[in-house]
S.K.: 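The structure follows.
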2 protein chains.
Amino acid sequence: MKYSTKLSDAIHILIYIIINSGKPITSDQIAESIRTNPGCVRQIMTLLKKQGIIKSVVGQPRPSLAKNVSEITLLDIYNAVEKDKAFLHLDMQTNRECIVGIHIQSTLQNYYDKIQNAAEKEMQEITLQEIMNSFYEKTVN
Amino acid sequence: MKYSTKLSDAIHILIYIIINSGKPITSDQIAESIRTNPGCVRQIMTLLKKQGIIKSVVGQPRPSLAKNVSEITLLDIYNAVEKDKAFLHLDMQTNRECIVGIHIQSTLQNYYDKIQNAAEKEMQEITLQEIMNSFYEKTVN
DNA sequence: CCTCGCTGTAAAAAATATAGTGACAGCATA
DNA sequence: TATGCTGTCACTATATTTTTTACAGCGAGG
């Protein structure tokens with residue numbers, strides 16, 4: 001596969017919505033900003049909508065945030081678009097007749113969980129509010 | 001691509017080497033335990049060797065650890081086999097003519113780094129010694 | 001000195017998650 | 001009623017890894 005940029009694109013979409021709130025916002029416009037096509041944008045937006053991060057009405061080009069920016073974390077967005085995908089993956093096809101093959105993968109799961117939790121804890125502490133602030137700082141300079 | 005299981009397989013190899021130290025260990029044997037082929041095992045072992053995690057001599061089926069198990073961390077192994085691959089990836093093809101496109105990705109890099117650091121810190125605290133202990137516990141039960 | 005088994009390595013092939021594309025039914029607005 | 005947009009699905013293309021295959025070269029043993 002190629003590297004997933006869904007999280008990056010989702011945040012791009014959210015910021016685009018925030019910045020242009022009030023004006024009509026079509027998936028075509030957003031697609032042009034991300035340099036992809038409208039169908040792709042709508043797919044990501046559908047995932048964000050399912051998680052209650054954004055709101056939208058069929059036929060109306062007026063998407064909006066469903067929560068306050070300070071209540072949306074990077075983890076919320078990640079889980080929405082990547083469906084809780086883990087960073088590390090076990091090899092599930094090892095030889096069950098070998099003592100190492102039997103036990104090693106279940107042993108590792110515990111440690112992989114710890115690593116995932118550490119990353120997710122960090123993601124949970126980063127809000128869209130914070131990202132917006134950093135973004136605005138950049139636009140000034 | 002499919003999910004990378006290189007880290008899991010690398011640890012599998014290391015434990016196999018530890019458990020069978022003293023006996024001859026061929027890449028064929030290890031490959032059978034992981035259920036892959038010898039070439040694949042040798043490629044991973046080459047990466048581990050480059051990082052000074054294992055030692056081996058051409059033509060001799062006697063690989064061994066190059067360090068003490070308590071000095072090898074999960075991060076060492078990860079960096080060896082995944083070459084410092086990041087968990088999250090920016091979308092580098094956004095539209096530079098759009099205010100969001102210009103700034104959003106560089107804004108995100110900072111946050112992605114934080115998340116990566118949190119995960120790596122956790123990985124650095126997990127040693128092969130610890131994994132071995134957990135593994136032995138499993139084999140008793 | 002020759003044979004055998006193994007490692008190290010590179011290049012080609014297969015696998016597969018993911019992005020990207022295209023199409024269309026249905027709602028809202030004017 | 002016509003137009004523009006969203007939501008959704010199925011299909012295709014793409015990127016990148018894993019896996020496979022092959023072979024040169026070293027070491028050990030007879």
Side-chain angles (χ1 to χ4, degrees), chain A residues 1-10 12-13 17 20 23-51 54-64 78 80-94, chain B residues 1-10 12-13 17 20 23-32 34-51 54-64 78 80-95:
Chain A
M1 67 191 160
K2 57 185 172 191
Y3 291 130
S4 175
T5 55
K6 264 192 204 163
L7 177 61
S8 299
D9 292 338
H12 192 137
I13 291 170
I17 291 173
N20 295 286
K23 309 176 207 166
I25 302 169
T26 67
S27 51
D28 273 63
Q29 285 169 37
I30 301 176
E32 199 179 343
S33 176
I34 301 185
R35 264 216 168 79
T36 179
N37 67 58
C40 204
V41 171
R42 290 202 289 270
Q43 280 174 347
I44 294 174
M45 288 177 72
T46 298
L47 295 171
L48 293 172
K49 194 175 177 180
K50 277 185 189 162
Q51 286 298 310
I54 62 173
K55 285 182 291 193
S56 65
V57 179
V58 177
Q60 289 187 206
R62 260 174 287 281
S64 61
Y78 181 83
V81 297
E82 297 285 7
K83 294 162 188 163
D84 308 271
K85 190 179 74 180
F87 290 141
L88 297 170
H89 300 273
L90 299 175
D91 183 345
M92 302 305 286
Q93 324 186 60
T94 55
Chain B
M1 70 189 158
K2 60 183 173 191
Y3 290 131
S4 176
T5 56
K6 263 193 205 162
L7 178 61
S8 299
D9 293 338
H12 192 137
I13 291 170
I17 290 173
N20 295 286
K23 308 176 207 165
I25 302 168
T26 67
S27 51
D28 273 64
Q29 285 170 37
I30 301 176
E32 199 179 344
I34 301 185
R35 265 215 168 79
T36 178
N37 68 56
C40 204
V41 171
R42 289 203 288 270
Q43 278 173 349
I44 294 174
M45 288 178 71
T46 296
L47 295 171
L48 293 173
K49 195 176 177 181
K50 276 183 190 165
Q51 287 297 311
I54 62 173
K55 285 183 292 191
S56 66
V57 180
V58 177
Q60 290 186 205
R62 259 172 289 280
S64 62
Y78 181 84
V81 297
E82 298 284 6
K83 294 163 189 164
D84 309 88
K85 190 178 74 180
F87 290 141
L88 298 170
H89 299 274
L90 299 174
D91 184 345
M92 302 305 287
Q93 324 185 57
T94 56
N95 190 343

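Throughout, protein chains are lettered first and strands after them, A, B, ... in sequence-line order, and every chain is numbered starting at 1.
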S.K.: Please report the distance, rounded to the nearest Å, between NE2 in B/His89 and P in C/dA17.
M.R.: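 So the two atoms are 16 Å apart, to the nearest Å.
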S.K.: Counting just side-chain N and O atoms, does B/Thr46 come under 4.0 Å of either OP1 or OP2 of C/dT7?
M.R.: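 So the side chain of B/Thr46 is outside the cut-off, no N or O lying under 4.0 Å from OP1 or OP2 of C/dT7.
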S.K.: Between atom NZ in B/Lys23 and atom C1' in C/dC6, what is the gap in whole Å?
M.R.: 19 Å
S.K.: Using a 4.0 Å heavy-atom cut-off, does B/Ile44 contact any base of the nucleic acid, only the sugar-phosphate backbone, or nothing at all?
M.R.: nothing
S.K.: So, A/His12 versus A/Ser33: side-chain donor-acceptor pair below 3.5 Å or not?
M.R.: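 Result is yes, a qualifying pair exists.
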S.K.: Between A/Ser4 and B/His89, does the side-chain contact (heavy atoms from CB on, under 4.5 Å) criterion hold? Intermediate values first, please.
M.R.: CA-CA 7 Å; A/Ser4 175; B/His89 299 274; over 6 Å; no
S.K.: If the cut-off is 4.0 Å, is A/Ser4 near the phosphate of C/dA19, judged by side-chain N/O to OP1 or OP2?
M.R.: yes
S.K.: If we only count heavy atoms from C-beta on, is the A/Leu88 to B/Tyr78 side-chain gap below 4.5 Å?
M.R.: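 In contact.
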S.K.: Counting only side-chain nitrogens and oxygens, does A/Thr36 get under 4.0 Å of the OP1 or OP2 atom of C/dG20?
M.R.: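 Answer yes for this pair, as a side-chain N or O of A/Thr36 is under 4.0 Å from OP1 or OP2.
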S.K.: Can you identify which nucleotide, out of D/dA28, D/dC23, C/dC27, has its nearest atom closest to the B/Gln60 side chain?
M.R.: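 Nucleotide nearest to B/Gln60's side chain: D/dA28.
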S.K.: Taking the nucleotide of DNA chain C with the closest heavy atom to each, which residue, B/Pro61 or B/Lys50, is nearer the 5' end?
M.R.: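 Final value for this comparison: B/Pro61.
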S.K.: Between P on D/dG25 and CZ on B/Arg42, what's the gap in Å once rounded to a whole number?
M.R.: 16 Å
S.K.: Taking for each residue the nucleotide of DNA chain C with the nearest heavy atom, is it B/Gly39 or A/Thr5 whose nucleotide lies nearer the 5' end?
M.R.: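 So the residue in question is B/Gly39.
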S.K.: OP1 or OP2 of D/dT19 less than 4.0 angstrom from a side-chain nitrogen or oxygen of B/Asn37, does that happen here?
M.R.: no
S.K.: Please give, in whole Å, the distance from D/dA15 P to B/Met92 CE?
M.R.: 16 Å
S.K.: Check whether any side-chain heavy atom of B/Met45 lies under 4.5 Å from a side-chain heavy atom of B/Ile17, and answer yes or no.
M.R.: yes
S.K.: Does the side chain of B/Gln43 get closer than 4.0 angstrom to OP1 or OP2 of C/dG8 through an N or O atom?
M.R.: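 No, because none of the side-chain N or O atoms of B/Gln43 sits under 4.0 Å from OP1 or OP2 of C/dG8.
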S.K.: Can you tell me how far P of C/dT18 sits from CD of B/Gln93, to the nearest Å?
M.R.: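 Roughly 17 Å, once rounded to whole Å.
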S.K.: For D/dT17, take OP1 and OP2 only and decide whether either is under 4.0 Å from a side-chain N or O of A/Tyr3.
M.R.: yes
S.K.: Does a nitrogen or oxygen in the side chain of A/Ser56 sit under 4.0 Å from OP1 or OP2 of D/dG7?
M.R.: yes
S.K.: Only pairs at least two apart or in different chains count here, so list each side chain to side chain donor-acceptor pair (under 3.5 Å) that has a residue in residues 34-47 of chain A.
M.R.: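 Qualifying pairs: A/Ser27-A/Arg42.
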S.K.: What's the CE-P distance between B/Met45 and C/dA10, to the nearest Å?
M.R.: 17 Å
S.K.: Please tell me if B/Lys49 has a side-chain N or O lying less than 4.0 Å from either OP1 or OP2 of C/dG8.
M.R.: yes
S.K.: Hey, does the side chain of A/Lys85 come within less than 4.0 Å of C/dT18's phosphate (OP1/OP2), counting only N and O?
M.R.: yes
S.K.: Taking the side chain as C-beta and beyond, is there a heavy-atom pair between A/Ile30 and A/Ile25 under 4.5 Å?
M.R.: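 With C-beta onward as the side chain, the pair touches.
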S.K.: Whole angstroms only, please: what is the NZ-C1' distance between A/Lys55 and D/dG7?
M.R.: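 These atoms are roughly 18 Å apart.
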S.K.: Measure CZ/B/Arg35 against P/D/dT20 and give the value in whole Å, please.
M.R.: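 After rounding, the reported distance stands at 12 Å.
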S.K.: Does A/Lys6 place a side-chain N or O at less than 4.0 Å from the phosphate oxygens OP1/OP2 of C/dA19?
M.R.: yes
